[in-house]
Each structure stands twice: as C-alpha cells, then as structure tokens.
Amino acid sequence: MSFAIKKQSEVVVVDVEGQLIVGNRQELKQKVLDELERGERKFLIDFSQTGYIDSSGLGVLVSLSKKIREQGGELRLANLNEDLKTLFELTKLDTLFQIADTRERALETF
Amino acid sequence: MSFAIKKQSEVVVVDVEGQLIVGNRQELKQKVLDELERGERKFLIDFSQTGYIDSSGLGVLVSLSKKIREQGGELRLANLNEDLKTLFELTKLDTLFQIADTRERALETF
Amino acid sequence: MSANYIDTLQLRLTLELCAPSDIRFIEGIVALIQRQCKEVSFPSSKCSLNIPVALSEALANAILRANKEDPGKQVYVRSAIDNDRLVIEIRDEGPGFDLRTSMRDPTLDENITREDGRGLFLMTRLMDRIELFNNNGNVVRMTLNRHAEAE
Amino acid sequence: MSANYIDTLQLRLTLELCAPSDIRFIEGIVALIQRQCKEVSFPSSKCSLNIPVALSEALANAILRANKEDPGKQVYVRSAIDNDRLVIEIRDEGPGFDLRTSMRDPTLDENITREDGRGLFLMTRLMDRIELFNNNGNVVRMTLNRHAEAE
Ligand SMILES: Nc1ncnc2c1ncn2[C@@H]1O[C@H](COP(=O)(O)OP(=O)(O)O)[C@@H](O)[C@H]1O
Ligand SMILES: Nc1ncnc2c1ncn2[C@@H]1O[C@H](COP(=O)(O)OP(=O)(O)O)[C@@H](O)[C@H]1O
C-alpha cells in the first residue's frame with residue numbers, strides 16, 4: 001500500500017493504492033497535513049486503486065476534511081467502487097463528503 | 001489439461017499440457033495408438049508444459065513404449081523438469097526411457 | 001473450480017493463528033482469510049467488503065483496545081468456512097466488553113464528524129451476527145452467511 | 001507474506017471435504033491442497049512433486065481400488081498444515097488393506113515394464129510417513145515434514 005501525491009491544476013491529488021486502514025492512516029494524514037501547511041487548499045483523494053477502508057481510514061478522512069475546511073480549503077473524494085459506496089452509505093459519510101464519480105468530474109467543479 | 005499433437009520431420013511430437021494422471025491417461029494412450037496404427041513409428045513426448053505425473057501416467061508411458069517398440073518404432077521423452085526427473089529416478093524409469101534435455105536434441109538423434 | 005464443484009465436495013476450511021499485538025499484522029491476516037473465502041467461492045462483495053472490513057475492525061480492537069499493544073499479549077484468530085457460512089473468532093487478552101454499552105450510532109448528527117467509534121457499528125452491519133464470550137480473555141465471534149442475511 | 005511472517009503467526013490450516021467416487025475430482029482436490037500448502041510457504045518442490053503425486057495416488061486407490069467407483073460411496077479427505085508438517089488423511093468405504101503385502105518394488109527388473117503397481121511405492125517414497133487405520137472404513141494417513149525427512 002502507498003499514497004501517491006501529485007499536483008494537477010491547483011489541486012493536490014492523492015491516490016490511495018491498496019488499503020486505507022489503521023496500519024497506514026497516519027501516513028496519509030501526515031502527507032495531506034504537510035501539503036495543507038505548505039499552503040495548499042484544494043484536495044482530491046482518488047480511490048480507484050483502493051481495496052478496502054476500515055473505520056480508522058474513514059476517521060482519518062473525516063478529520064482531514066474538518067482540518068482542511070478550517071483553513072478555508074476543500075476535500076473531495078472520487079472513484080469509489082461499489083463496495084466503498086456501500087461503506088460510505090452505511091456510515092452516512094456520503095452525506096458529509098463531496099463525492100465525484102470520476103477524477104475529471106471532481107477536478108472540473110473545484 | 002490437453003495433449004497437442006503435431007508432426008515434425010518424421011516424428012510425432014506430443015505436448016502434455018497440465019497433469020498426466022489417472023483421469024486423462026487414456027486420452028494420451030488413445031491418441032498415440034491411433035498414430036501408431038496410421039503407420040507412424042517415431043514418437044516424442046515433450047513435458048515442458050507438464051505439471052505432475054502420477055503412477056497411472058507413468059504406467060501409460062511404459063505401456064506405450066512397449067507397444068511402439070513391438071512395431072519397430074521408438075518413443076523418446078524430452079524436457080523433464082527437476083520434479084519429473086526425480087520421479088523418473090525414484091521409479092528407475094530413467095533407465096527404461098530415452099530422455100533428452102531438449103526437444104531439439106531428441107529430434108536430432110532419431 | 002466452480003461454486004457448484006465446491007458444493008459437491010462439501011468443503012470446509014479452518015484457519016487458526018496467533019498474532020503478536022501489532023497492527024502491522026492486520027492486513028496480512030485479512031488477506032489470508034479473504035483467500036480462504038475465495039477458495040470456497042464466497043460471494044465476491046462479501047470477500048472484498050464485509051469480511052475484510054469487519055475482520056480488520058475486530059483485530060484492531062483486540063490489538064489496540066484489549067491488548068493495548070502490549071508485546072507480551074497475543075491475538076488468537078480462528079476462522080471456519082464452508083458452503084453455508086463463515087465463522088471467525090477473535091480472542092484477545094483484554095477484560096472483555098459489552099456490545100450494547102460500547103457501541104454508539106456513528107450516523108447520528110452528534111457523532112458523524114467524530115474520528116472514532118465506527119468499528120463495532122461496521123462489524124454489526126457487515127456481519128450477520130456478532131457474539132461475545134468470555135473464555136480466558138475475550139472472544140468476539142462473527143458469523144456471515146453465504147446467502148441471504150436471514151438466519 | 002514471507003515464510004518468516006508465517007512462522008510468527010503459527011498458522012494452521014485445516015481442510016475437510018467429501019468427494020464422490022469419481023476420478024475426475026482428483027485434480028481439483030490436489031490443486032486445493034497444493035494451494036493450502038503454498039499458503040503456509042511449504043517448500044516449493046514438496047508443493048509441486050511430493051504432495052500432488054502422493055495425494056493423487058491415495059485418492060486414485062480410494063476411488064478405484066476401495067470404492068470401485070461405486071457412486072453410492074464417498075471419499076473423505078482431511079488435511080492439516082502448519083509450520084512443521086502436512087498431515088493428510090484419506091478415508092474410503094473399502095475393506096482396508098495391508099501396506100506390506102500390497103506394495104511391491106516397481107524398480108525390480110521383473111516389475112519395471114509393468115503398467116501398474118507404482119502407487120503405494122511412490123506414496124512411501126514421497127512422504128515421510130504412511131499409516132493405515134481402520135475407522136468405519138479404511139484411513140490412509142500421510143505425513144510430510146516441512147524440513148528434513150528425519151522424524
Ligand atoms: N476487543 C475489545 N476489548 C475491549 N474493549 C473493546 C473491544 N472492542 C471494542 N471495545 C470497546 O468498544 C469501544 C468502541 O469500539 P469501536 O466501535 O470499534 O470504536 P473505536 O475503537 O474507534 O473506539 C472501544 O473504544 C472499546 O472501549
Ligand atoms: N485404499 C485402498 N483400499 C484397498 N486396497 C488398496 C487401497 N490402496 C491400495 N490398495 C491395494 O494395493 C494394491 C497396490 O496399489 P498401488 O501400489 O497403488 O498399485 P496399483 O493401484 O497400480 O495396483 C492395489 O492394487 C490394491 O489391491
């Protein structure tokens with residue numbers, strides 16, 4: 001598992017490759033917070049290469065979203081597969097996040 | 001598993017793809033005996049794509065070799081991997097068969 | 001082999017292991033049990049969502065909440081999979097807990113922006129049954145039926 | 001996961017199944033148990049030679065010699081694999097047999113050109129131990145140690 005970060009027209013795009021779970025969520029959190037500190041404000045996390053996400057992974061997304069909003073920024077999610085959609089619906093987190101079907105759609109509307 | 005047969009300069013070459021075991025040995029036996037009946041006399045069985053061989057598979061090779069010899073023909077084997085070499089050594093069948101390292105070597109010396 | 005083939009064979013796979021109290025083992029243990037479930041052709045979304053998430057939660061709680069990452073304490077896992085269901089038992093060396101009082105509803109407005117507290121909720125939603133036992137430590141047993149959610 | 005990882009987890013995998021007396025099932029059952037052995041990182045040539053050949057022989061004998069392909073009779077397989085060894089038990093519904101009197105040496109000049117009679121010989125050569133039991137039918141137990149052949 002790993003987190004690939006790149007910048008695409010003003011937006012920091014993070015690809016979650018593999019699982020987002022208790023064992024690696026700190027790494028994602030730190031990477032995003034570093035970018036936030038550097039002045040970045042628009043964030044997109046892309047789950048097209050993600051396996052499963054556990055409650056700790058969901059928790060990190062919730063807390064990142066809050067921190068980014070506090071700095072006047074925005075966090076969006078893209079490319080949730082059917083399983084991940086179910087997970088977000090079960091926890092009602094689909095109501096908390098801006099979720100786009102594709103990376104392009106998410107980038108367009110920032 | 002399947003048995004691919006083709007003719008290469010006077011020699012009937014059989015590729016054993018997958019396992020040669022009690023469940024499919026009759027198919028190999030029949031295919032080779034059909035060629036023998038059609039007048040073919042030189043046979044090469046290539047094991048480069050073979051998994052494992054059980055005692056029924058070994059038995060079929062022994063009986064084919066006998067039948068072919070009775071008709072004045074010859075059966076050779078090629079491309080045994082380390083596992084198959086061990087199997088032939090354990091059963092001393094390496095002393096009964098003409099075994100070549102490669103298909104080319106086997107074809108050369110027919 | 002097809003699912004039908006597996007039915008004919010009445011296949012039953014059991015896995016037992018004992019892991020140190022270290023969250024780095026969770027991903028590998030989950031992957032092992034996922035492969036066992038695929039071996040008996042468990043429905044694919046159960047293999048890719050329900051099982052890994054619920055198991056990951058139970059392991060994280062055993063390691064972090066019960067054993068408090070104490071290197072002297074272990075987590076014991078036993079899974080049994082057959083044509084009808086998956087049963088996983090996770091035993092930790094903690095004091096045990098009560099499901100009703102420990103679980104809150106993370107979908108309520110007052111909880112939705114909290115970082116923690118979604119583990120037991122997800123376990124109960126993703127599995128057909130959760131049971132707790134005390135047996136020289138604390139055992140969480142999770143059951144997932146292969147077919148409908150009805151018992 | 002590396003072999004070392006598996007050692008740490010003290011992994012133990014058990015498989016149980018019941019197959020009809022039909023030789024077409026042999027290849028699939030062998031493949032299943034091979035995958036279980038690879039899961040605990042059993043040495044590769046044991047996974048590709050010793051286990052499939054010995055198991056294939058035992059299954060063929062159970063189906064052909066003991067159950068005589070009677071569709072009313074079953075073959076029961078149980079394998080247990082851990083860091084130290086593989087133990088496979090094959091139970092058929094036949095009368096049982098005696099290893100000493102049933103096995104001949106197929107490497108002798110008088111036997112080497114025979115088509116049959118290499119099954120029990122291969123089982124004893126490829127496994128570390130073969131035991132027979134009578135238990136409501138006939139049970140053949142084969143043990144293969146992960147490391148040296150010494151017991
Ligand atoms: N195996 C366990 N042993 C002891 N307490 C547990 C165990 N599993 C869960 N708990 C208790 O239940 C609470 C809620 O767990 P959970 O819903 O997974 O959320 P979180 O772990 O994020 O707090 C935990 O904080 C803990 O107090
Ligand atoms: N499970 C079994 N039940 C009854 N008899 C068996 C069983 N396994 C082996 N035998 C006896 O042992 C003999 C030798 O077996 P084997 O060495 O495998 O050679 P083959 O099966 O080719 O005859 C068989 O012919 C059979 O009489």
Side-chain angles (χ1 to χ4, degrees), chain C residues 1-42 47 52 55 59 62-63 71-92, chain D residues 1-42 52 55 59 62-63 67 71-92:
Chain C
M1 288 193 283
S2 69
N4 181 29
Y5 203 99
I6 298 294
D7 277 346
T8 308
L9 294 180
Q10 298 168 42
L11 188 59
R12 184 181 162 84
L13 299 177
T14 311
L15 171 154
E16 289 159 289
L17 63 79
C18 164
S21 295
D22 184 331
I23 55 170
R24 287 174 299 176
F25 285 94
I26 294 177
E27 191 171 4
I29 295 171
V30 168
L32 259 169
I33 293 182
Q34 270 184 311
R35 285 194 295 272
Q36 296 291 96
C37 291
K38 283 178 189 156
E39 195 66 272
V40 299
S41 301
F42 232 75
C47 291
L55 178 54
L59 290 170
I63 293 170
K73 293 183 174 170
Q74 310 287 317
V75 174
Y76 301 86
V77 180
R78 186 175 183 285
S79 76
I81 309 161
D82 63 23
N83 299 23
D84 298 324
R85 67 183 59 81
L86 161 70
V87 179
I88 308 182
E89 288 174 4
I90 290 118
R91 179 158 66 85
D92 59 49
Chain D
M1 287 192 282
S2 69
N4 180 28
Y5 203 99
I6 299 293
D7 278 346
T8 307
L9 294 180
Q10 297 169 43
L11 188 58
R12 182 180 163 83
L13 299 176
T14 311
L15 171 153
E16 288 158 290
L17 62 81
C18 163
S21 295
D22 184 329
I23 55 169
R24 286 173 300 175
F25 286 94
I26 294 177
E27 191 172 2
I29 296 171
V30 168
L32 258 170
I33 293 181
Q34 270 183 310
R35 284 194 295 273
Q36 296 291 96
C37 290
K38 282 177 190 157
E39 195 65 271
V40 300
S41 301
F42 234 75
L55 177 55
L59 289 170
I63 293 168
N67 291 357
K73 291 183 175 169
Q74 309 289 319
V75 174
Y76 301 86
V77 180
R78 187 176 184 284
S79 76
I81 311 160
D82 63 23
N83 299 25
D84 298 324
R85 67 181 62 79
L86 161 70
V87 179
I88 308 182
E89 288 175 3
I90 289 118
R91 179 158 67 85
D92 59 48

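Sequence lines set the chain letters: A, B, ... in the order given, protein chains first and strands last, and positions in each chain run from 1.
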| Which value, rounded to the nearest 0.5 Å, describes the distance between D:D82 atom CG and D:L11 atom CG? | 8.5 Å
| remark: Checked C:R78, C:Q36, C:R12 vs chain D; the most non-hydrogen pairs under 4.5 Å come from C:R12
| task | Count the heavy-atom pairs under 4.5 Å between each of C:V75, C:L15, C:I81 and chain D, then report the option with the highest count. | result | C:L15
| task | Output yes when a side-chain donor or acceptor of C:S21 lies under 3.5 Å from a complementary backbone atom of C:K73, and no otherwise. | result | yes
| task | Could you tell me which of D:V77, D:T14, D:L17 has the largest number of non-hydrogen atom pairs under 4.5 Å with chain C? | result | D:T14
| request: Would you mind checking which part of C:Q74 comes under 4.5 Å of any heavy atom in chain D, side chain (CB onward), backbone (N, CA, C, O), both or neither? | output: neither
| Heavy-atom side-chain proximity of D:L9 to C:C18 below 4.5 angstrom | no
| request: Start with the C-alpha gap between D:D92 and D:I63, add the side-chain angles, then the distance that decides, and say whether side chain to side chain contact (heavy atoms under 4.5 Å, CB included) holds. | output: CA-CA 7 Å; D:D92 59 48; D:I63 293 168; over 6 Å; no
